[in-house]
Student: 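Quick one: this structure, given as structure tokens, is what I'll be asking you about.
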2 protein chains.
Amino acid sequence: MSPKTADPAVRARLIESAARVLAEEGPNSLTARRLAAEAGTSTTAVYTFFGGMDQVWHAVRREGFARLATHLDATPDLADPVANLVAGGAAYLANGMANPNLYRAMFDRHDVPDIGNDTFGRLVGAVRRCVDAGRFHRVEPLRSLGWAVQSWTMRHGMVSLAIAELMPAEHVPLHFADMSRCLFIGYGDDPEAAERSVDLAMREWRPVDPAGAS
Amino acid sequence: MSPKTADPAVRARLIESAARVLAEEGPNSLTARRLAAEAGTSTTAVYTFFGGMDQVWHAVRREGFARLATHLDATPDLADPVANLVAGGAAYLANGMANPNLYRAMFDRHDVPDIGNDTFGRLVGAVRRCVDAGRFHRVEPLRSLGWAVQSWTMRHGMVSLAIAELMPAEHVPLHFADMSRCLFIGYGDDPEAAERSVDLAMREWRPVDPAGAS
DNA sequence: TAAGTTACGTAACGATGTTACGGCATAATG
DNA sequence: CATTATGCCGTAACATCGTTACGTAACTTA
């Protein structure tokens with residue numbers, strides 16, 4: 001029923017090449033022929049594995065979210081849920097700014113919800129841990145979900161403005177800490193504790209494996 | 001020196017058509033031939049007026065920022081600088097969510113700074129009026145500029161997540177008011193006044209001329 | 001071993017951005 | 001007003017894009 005099974009390694013090389021070409025040369029260089037040449041095959045293989053360039057872009061976006069998840073998982077546990085939330089944001093920013101083309105592609109089309117759910121789930125968990133620890137107000141669950149959305153709003157807006165060069169890259173940590181302070185103070189009852197958490201995260205967090213961030 | 005001068009009306013129609021096709025049918029439908037047909041001319045005209053599709057996209061982005069500026073100017077004066085800042089943000093959100101394809105295009109490439117300076121200047125002015133009125137901390141000018149950048153971060157992040165359907169459109173006003181409260185409380189000395197300003201803006205602000213927002 | 005099924009290289013098709021060429025309308029000049 | 005020259009823009013071509021028809025080779029299955 002399945003003679004001459006398709007080689008999964010070719011598919012992996014195609015995605016890998018797609019992400020690399022996109023990152024290094026921009027979206028205009030990501031063509032079917034270029035992709036086939038990079039993977040040492042022909043354009044037909046692109047269609048047997050993906051069905052079309054739309055699905056290639058979809059796969060590239062999935063890959064982008066997967067790499068982001070890897071970086072989020074690699075952040076050390078600071079034993080302070082609010083600091084962990086801030087550290088996750090810092091990792092998010094570092095990942096996005098290290099890969100502007102890939103990051104832009106991740107939000108370029110309308111299929112983000114399907115492939116971004118896992119990333120968002122991580123963020124929801126981080127916020128919930130803040131609520132459970134009494135660091136954020138204990139409100140209705142929908143409102144708590146909203147805080148995760150608002151955190152993502154801040155992260156995404158900051159990466160986008162930074163890679164569009166509307167915000168100087170060297171100011172990003174300052175702005176991120178500043179906005180995090182304002183938001184997380186507002187989410188909880190203890191302004192000083194929130195401020196300490198932000199300072200702790202900005203002091204302790206270090207970008208993990210920047211080479212693999214591409 | 002300039003026989004058979006180019007008709008500026010044709011250029012205006014090209015930009016108008018480009019913005020409309022982009023808004024109604026998406027970026028894939030914005031082709032040179034389609035554009036020429038819409039404006040009743042041939043593809044050569046596109047090159048005499050713009051030089052290439054890249055410059056067409058640049059002009060479309062300029063048009064997008066120009067329309068945004070029109071909407072920002074149309075917001076009523078609430079005689080409260082912080083409320084005006086919030087109202088400007090609401091207008092920004094309404095404009096972006098009414099024109100998702102145009103908004104996406106505005107931040108898609110690397111030429112945003114050139115054409116977004118005027119929009120950013122407006123935001124800086126609104127923040128400065130808050131500082132001058134004593135509603136925000138009187139800090140060094142660079143920090144005050146940073147508050148404008150942070151406001152833009154919030155606005156842009158929110159529009160982007162909303163048009164990517166990562167944030168339900170009906171939750172946008174709630175999240176915007178919530179984040180504005182947290183940020184602007186943190187920027188000033190009087191939390192109650194900030195809260196009143198946000199409530200005032202969210203109560204008094206109305207979208208202006210939604211038909212022309214396209 | 002034989003047959004059947006599937007991957008994938010070759011080469012084509014339509015559509016894209018871009019450009020060479022030529023006609024012709026219009027400004028500049030006497 | 002006549003002449004000239006300048007440059008807009010319609011036609012048609014070119015390279016390259018995504019996509020697909022077709023054929024061959026390779027692998028599974030019986």
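Per chain, numbering begins at 1; letters A, B, ... match sequence-line order.
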Student: So B:Phe176 and B:His171, ring-ring contact (aromatic ring centres under 6.0 Å, His included) or not? Walk me through it.
Tutor: CA-CA 9 Å; B:Phe176 175 63; B:His171 293 174; over 10 Å; no
Student: State which of D:dG18, C:dT18, C:dT10 makes the closest approach to the side chain of B:Met53.
Tutor: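 Taking heavy atoms from C-beta onward, the closest nucleotide is C:dT18.
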Student: Identify whether any heavy atom of B:Phe49 sits under 4.0 Å from a base atom; if not, whether one sits that close to sugar-phosphate; answer base, sugar-phosphate or nothing.
Tutor: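 Sugar-phosphate only.
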Student: Give B:Leu30 one of three labels, base, sugar-phosphate or nothing, depending on what nucleic acid heavy atoms sit under 4.0 Å from its own.
Tutor: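 Contact class for B:Leu30: sugar-phosphate only.
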Student: Please confirm whether the backbone N or O of B:Ala66 pairs with a side-chain atom of B:Thr70, one donor and one acceptor, at under 3.5 Å?
Tutor: yes
Student: Separation of A:Tyr47 atom OH from C:dC13 atom P, in whole Å?
Tutor: 17 Å
Student: Take the protein atom CG of A:Asn28 and the nucleotide atom C1' of D:dC17, then report the distance between them rounded to whole Å.
Tutor: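 The distance from CG of A:Asn28 to C1' of D:dC17 comes to 11 Å, rounded to the nearest Å.
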Student: Consider the side chain of A:Ser42, meaning its heavy atoms from C-beta on, and name the nucleotide among D:dG10, C:dT18, C:dC8 that approaches it most closely.
Tutor: C:dC8
Student: Can you identify which nucleotide, out of D:dG10, C:dT16, D:dC17, has its nearest atom closest to the B:Arg33 side chain?
Tutor: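 Nearest nucleotide to the side chain: C:dT16.
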Student: Check whether any side-chain N or O of B:Thr48 sits under 4.0 Å from OP1 or OP2 of D:dC8, and answer yes or no.
Tutor: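 Looking at the OP1 and OP2 atoms of D:dC8, neither is under 4.0 Å from any side-chain N or O of B:Thr48.
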Student: Is there a side-chain contact between B:Thr44 and the phosphate of D:dG10, meaning an N or O under 4.0 Å from OP1 or OP2?
Tutor: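 So the side chain of B:Thr44 is outside the cut-off, no N or O lying under 4.0 Å from OP1 or OP2 of D:dG10.
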Student: Check this one for me: any side-chain N or O of A:Thr43 less than 4.0 Å away from OP1 or OP2 of D:dT20?
Tutor: no
Student: Which one of A:Ile163, A:Val172, A:Thr153 satisfies the side-chain contact (heavy atoms from CB on, under 4.5 Å) criterion with A:Met158?
Tutor: A:Val172
Student: Distance only, no hydrogens: is a donor on one side chain within 3.5 Å (strictly under) of an acceptor on the other, for A:Ser42 and A:Arg33?
Tutor: no
